[in-house]
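Below, chains carry the letters A, B, ... as their sequence lines are ordered, and counting in each starts from 1.
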Amino acid sequence: MKKYDFSKIEKYWQKEWEKEQVYFAQDKSKKEKKYILIEFPYPSGEGLHIGHLRPYVAGDVYSRFLRMKGYEVMYPIGWDAFGLPAENFAIKKGVHPSLSTKGNIKNAEAQIKSWSIGFDWSREVNTTDPEYYKWTQWIFLQLYKAGLAYEAEGFINWCPRDKTGLANEEVVGGFCERCGANVEKKELRQWYLKITDYAEKLLEGLKTLDWPEKIKIQQENWIGKSEGAEIDFEVKGTEESIKVFTTRPDTLFGATYMVLAPEHEFVLKLKNKISNWKELEAYIKKASAKSEEERSLEKTGVKLEGVNAINPANKEEIPVFIANYVLSGYGTGAIMAVPAHDERDFEFAQKYNLEIKKVILPILAKNPVGSAQGVPSEVAVQSECWIGNGQLINSDKFDGMDSEKAKQEITKFVGGKKKIQYRLRDWVFSRQRYWGEPIPLMHCKACGIVPVPEEELPVTLPEVKKYEPTGTGESPLAAIDSWVNTKCPKCGGPAKRETNTMPQWAGSSWYYLRYADPNNKKEFANIDLLKQWLPVDVYFGGMEHTTLHLLYSRFWHQFLYDQKLVPTPEPYIKRVPHGIILGADGEKMSKSRGNVVCPDEIVRKFGADALRMYELFLGPHEAMVSWNEKGILGISRFLERVYKFFQIENSEGKDDENIKVLLHKTIKKVTEDINEFKFNTVISALMIFLNGVEGRELKRETKQIFLKLLAPFAPHLSEELWSKLGNTTFIQKEPWPEYNEKFLKEDNYELVVQVNGKVRAILVVSVGIKEQEAQKLALADEKVKSFINNQKIKKVIFVPDRLINFVV
RNA sequence: GCUUGGGUGGCGGAAUGGUAUACGCGAAGGUCUCAAAAACCUUUGGGCGCAAGCCCGUGGGAGUUCGACUCUCCCCCCAAGCACCA
């Protein structure tokens, strides 16, 4: 018997498919469209690894399934090729990033093709192609013209290793998301995108999406909406007042001091009233230089001597502090401190011996302690700091009022204003690095900031010898005089180009739109084509992008929708996340650990079909799993057995009843589980089928159906066997098999007989028997008899076609 | 600390109120072979027992139910995300 020569077979069919363009997505097709998307890769020097494959294979299996179901499927690919690694490589080797990128893309493309991931290569995009980033720049200009891009000076996150500013989203636990360096604070002039203007829309839009709840919740928390009030505190003996944001105006009578963030400008106004100015200045300087992470270690502060504020509720004078635990970027950068009802204020007040005044009495539970949400437990009631709601005390005429009501009433009483506050901060959009899209603006002495006229786009990256980031806060582009100095398109006078570049998230914020119309020279994409393909039906990708790419691209999309440039309010309808693949040692794969698995080697050893199937068989798609080299043997054996099974003389076998039932059950299971992205159980269903039919003769039709079910997973093997059966079509163009309800039912089933809930016997009986009959059969069984042991039967539970339970 | 998932054989995992451990890996024994590999067959949660069989068993404890991996409450542990957001 011939051995399954996967290497030869796979190469053969890959050529055949390429000839026939089987993955080509037809514009204006009569079929219903499906747009399946994976996060396009970054073409690194190491090539694609085993982890990239997971979503690609999932998307590929799903796409193949949908094509067989009769849809016009677009499953495109491109390259997210701007970014630090290419630039760092260039610095090290002296090779221009565009060159190394080109080589890397070539390699990755060969890899992907060797796995037969069915991408439509005719739609390939590359974010570093001027024909592409021309439109990235164009979209930026639209944002600028709409007032959503602005320049500001301020403290931003700064990565000392990459020597560039970072967005809030790129700081993960105080470290640079890219390189892991400890992020610092630095005062810099930066470009921002006003993503905060879209906070509400981003929140609202989530409700319409078919995304896993956990992703929605993560985005929701990141946007962090909270409702409260803004209240002014007068400063005694001045015309000044300090505005605070609070979600707890009901505790206003308990505000015994105020705190300003170290960056708060207010202190400058009262400089000459503050008697301890020197001390204060030193403190502010020290605190500002520290990152938020460092600041959070210990609460410290300095009192503004000689300045007192007035609590607007009870007119009492209260001290004002500058302290590190108040953030300048949130609310007004100033708070009213209520130590009796806020843990942070409580901690600070204890340390600095400040007055703690209780104004909320926890409402004691009508229900038993701990039985419902928001009901204080005994412990909480006794504690010094109660942060829940309750009944007001020590609050004059509001005494006895409920917290919720008091929030409204006290806000009104002191002339405060209801206010909605978001945690989301504006997107720091400029980078001081070379390998990114130049921001298409100019600075003119006479006209100020002037956008580059649209017809002059793209503003291409100049060729340079030195890519090194300067570290000064200036991009390396700033050193190229010939590029920087230009003419103002408005007044014709001398102007300088903006030298900052865009972050890597720019190109990826709209790439899925370009796929719909990748070669358009006149617009970023034609609206009719966008209407045809959008929205993305299923987007496969990693959890790590929840508050980065996924948030950014939704923002851009919503903006483009408001500009009537895209046809849908949201870009991606369904999101299917995947877990990361760990090394065999259960650790994250990394070069330094030496646990990286090379997919090319696996393909050589076991073939692409085996690699594809094993990726899916590892475990549930969303779960984190460890790679186990030995596990792939199981898949390899399965494919080998399939091959051998189909080598048996192709006589017209006849299916018995059991095989028919098994077949239809398998069709049902495979179809349903693919629809739910439960690929691991699909594969086990295919194995169960083979286990059930091996060594028996099958009808040709049954064999063909099985091959079709296998086709999305092992496209090469199934195509080979399909043609061996004498078919001249491609199996992947065949219609997906349907199951028939009437074949799902067997004649007999195993009736489980329980006594007091314990299984005591299993009887084979015919399907559909009534309770009485089942009872008679069960009671006739010797074992059942012995367990009932002549006791009185109190109750009988009968579940049709499943079990009968006697309670004695 | 908060939010969201999880905890099932030696291992990856299956089962969302009805036979726990499907499917695969590994292991043990066997067939084939001079031998080995591959392949194939059998066994494989634990305890007691010669056996038939019985008892126990899904992180721990309670509860609901004829019946709980599945539902409810409390606790422990692991993972991911957020973290002074007033």
Side-chain angles (χ1 to χ4, degrees), chain A residues 1 3 172-174 212-222 224-226 228 244-248 251 255 259 261 292-293 295-299 323-327 329-338 341-345 347-348 370-371 387 421-425 543-544 546-547 577 579-580 614 617-620 622-635 637-638 640-641 644 678 680-688 690-691 694-695 750-762 783 793-799 801-808:
Chain A
M1 201 171 284
K3 206 168 148 52
V172 179
E213 213 48 39
K214 65 172 170 181
I215 300 184
K216 289 194 193 183
I217 290 169
Q218 264 187 46
Q219 279 208 0
E220 242 173 71
N221 291 344
W222 190 261
K225 180 179 182 174
S226 52
V244 304
F245 172 74
T246 177
T247 55
R248 294 300 301 272
T251 64
V259 187
E292 279 178 23
E293 247 57 42
R295 283 197 200 179
S296 71
L297 296 175
E298 202 201 347
K299 290 183 179 49
N324 62 357
Y325 79 97
V326 172
L327 306 171
Y330 183 79
T332 62
I335 62 156
M336 62 180 217
V338 186
H341 305 289
D342 182 285
E343 277 166 353
R344 297 148 302 179
D345 298 341
E347 191 190 327
F348 189 81
S371 67
I387 60 166
Q421 187 66 47
Y422 300 92
R423 226 182 264 211
L424 185 70
R425 297 185 201 177
M543 280 306 289
E544 70 275 15
T546 300
T547 53
I580 60 168
Y614 187 53
F617 193 57
L618 275 168
E622 69 284 0
M624 191 195 276
V625 287
S626 297
W627 185 262
N628 174 2
E629 176 84 42
K630 279 198 168 146
I632 199 168
L633 272 174
I635 296 289
R637 282 175 192 148
F638 168 73
E640 191 83 40
R641 278 164 55 205
K644 279 189 184 152
K678 285 156 72 176
N680 56 332
T681 53
V682 174
I683 292 170
S684 71
L686 293 171
M687 286 171 168
I688 291 167
L690 185 67
N691 291 346
E694 224 172 15
E750 291 183 334
L751 175 73
V752 175
V753 184
Q754 298 181 333
V755 178
N756 286 338
K758 287 205 163 121
V759 180
R760 294 304 178 185
I762 291 166
K783 265 191 75 181
I793 295 172
K794 285 188 200 154
K795 199 174 172 187
V796 179
I797 289 108
F798 178 68
V799 183
D801 296 349
R802 205 176 271 270
L803 68 73
I804 186 160
N805 185 11
F806 298 99
V807 185
V808 298

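- Regarding A:Glu750, its CD atom lies at a distance of 17 Å from the P atom of B:G18, rounded to whole Å.
- B:G7 sits 9 Å from B:A14 when the P atoms are compared, rounded to a whole Å.
- Taking the P atoms as reference points, B:G29 lies 12 Å from B:A37, given to the whole Å.
- Between A:Glu343 and A:Glu694, the residue anchored nearer the 5' end of RNA chain B, judged by the nucleotide with its closest heavy atom, is A:Glu343.
- Annotation: A:Ile387, atom CD1; neighbour count of heavy atoms from other residues, nucleotides and ligands within 6.0 Å does not exceed 12.
- A:Ile804 places none of its side-chain heavy atoms less than 4.5 Å from the side chain of A:Ile797.
- Rounded to a whole angstrom, the distance from the C1' atom of B:G17 to that of B:G67 is 8 Å.
- Distance check on atom C1': B:A62 versus B:G13 gives 30 Å, rounded to whole Å.
- Rounded to whole Å, the C1' atom of B:G59 lies 16 Å from the corresponding atom of B:G5.
- A donor-acceptor pair is defined here as one N or O able to donate and one able to accept, closer than 3.5 Å; no such pair exists between the side chain of A:Asp342 and the backbone of A:Ala337.
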Pairs: protein N or O with nucleotides 65-67 of chain B N or O, under 3.5 Å:
| unit_1 | atom_1 | unit_2 | atom_2 | d |
| --- | --- | --- | --- | --- |
| B:C66 | OP1 | A:Lys795 | NZ | 3.2 |
| B:C66 | O2 | A:Asn805 | ND2 | 2.2 |

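- Between A:Lys225 atom NZ and B:C82 atom P there is a gap of 22 Å when expressed in whole angstrom units.
- Contact between the side-chain N/O atoms of A:Lys214 and the OP1/OP2 oxygens of B:A79 is not found at any separation under 4.0 Å.
- In this model, the phosphate group of B:A86 is approached by a side-chain N or O of A:Tyr330 to a distance below 4.0 Å at OP1 or OP2.
- Contacts of A:Leu327 with the nucleic acid, taken as non-hydrogen atoms under 4.0 Å apart, include base atoms.
- Among the protein residues, A:Val759 comes within range of the sugar-phosphate backbone only, with heavy atoms under 4.0 Å from sugar or phosphate atoms but none that close to a base.
- Nucleic acid contact class of A:Val259 (heavy atoms, under 4.0 Å, all strands): none.
- At whole-Å resolution of the value, CG in A:Leu690 and P in B:C40 are 10 Å apart.
- Here A:Ser226 reaches the OP1 or OP2 of B:A86: one of its side-chain N or O atoms lies under 4.0 Å away.
- Straight-line distance between the C1' atoms of B:A27 and B:C76: roughly 33 Å, to the nearest whole Å.
- Look at the C1' atom in both B:C77 and B:G60: the space between them is 10 Å, to the nearest Å.
- A:Asp345 places a side-chain heavy atom less than 4.5 Å from the side chain of A:Tyr325.
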Check the interface with nucleotides 8-13 of chain B: list each N/O to N/O pair with the protein under 3.5 Å, or write none.
| unit_1 | atom_1 | unit_2 | atom_2 | d |
| --- | --- | --- | --- | --- |
| B:G12 | O2' | A:Leu618 | O | 2.7 |

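- Summarising the geometry, the separation between CE on A:Met543 and C1' on B:G6 is reported as 14 Å, rounded to the nearest angstrom.
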Distances under 3.5 Å between protein N/O atoms and the N/O atoms of nucleotides 26-31 of chain B, please, pair by pair.
| unit_1 | atom_1 | unit_2 | atom_2 | d |
| --- | --- | --- | --- | --- |
| B:G26 | OP2 | A:Arg637 | NH1 | 3.4 |

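- Close to B:A83, at under 4.0 Å from its OP1 or OP2, lies no side-chain N or O of A:Asn221.
- Residue A:Tyr325 has its side chain nearest to B:C84 when only B:C82, B:C84, B:U19 are considered.
- The residue A:Asn691 sits close only to the backbone: its heavy atoms come under 4.0 Å of sugar-phosphate atoms, none of a base.
- Using a 4.0 Å heavy-atom cutoff across all strands shown, A:Ile217 reaches sugar-phosphate atoms only and no base atom.
- Residue whose closest nucleotide on RNA chain B sits further toward the 5' end, between A:Ser684 and A:Leu424: A:Ser684.
- Counting to the nearest Å, the C1' atom of B:C23 and the NZ atom of A:Lys678 are 14 Å from each other.
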Nucleotide-level pairing of RNA chain B, given in dot-bracket where Watson-Crick and G-U pairs need both distances under 3.5 Å and | marks other strands: (((((((..(((.....[....)))((((((.......))))))((((....))))..(((((..]....))))))))))))....
Sequence-aligned protein contact record of nucleotides 42-47 of chain B, with B where the base is within under 4.0 Å of a protein heavy atom and S where only the sugar-phosphate is: ------
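- Remark: P of B:A86 and NZ of A:Lys299 are 14 Å apart, rounded to the nearest angstrom.
- Rounded to whole Å, the separation between the P atoms of B:G45 and B:G6 comes to 27 Å.
- With sequence neighbours excluded, no residue satisfies side chain to side chain donor-acceptor pair (under 3.5 Å) with A:Glu622.
- A glycosidic torsion no more than 90° from 0 defines the syn conformation; B:G13 lies beyond that range and is anti.
- Note that the CD atom of A:Gln218 and the CG atom of A:Asn221 stand 8.0 Å from one another [nearest 0.5 Å].
- Distances from the side chain of A:Thr681 to the nucleotides B:A86, B:A15, B:C84 place B:A15 closest.
- If you take CH2 of A:Trp627 and P of B:C25, they are 15 Å apart, rounded to a whole angstrom.
- A straight line from CD1 of A:Ile387 to P of B:C84 spans 15 Å, rounded to a whole angstrom.
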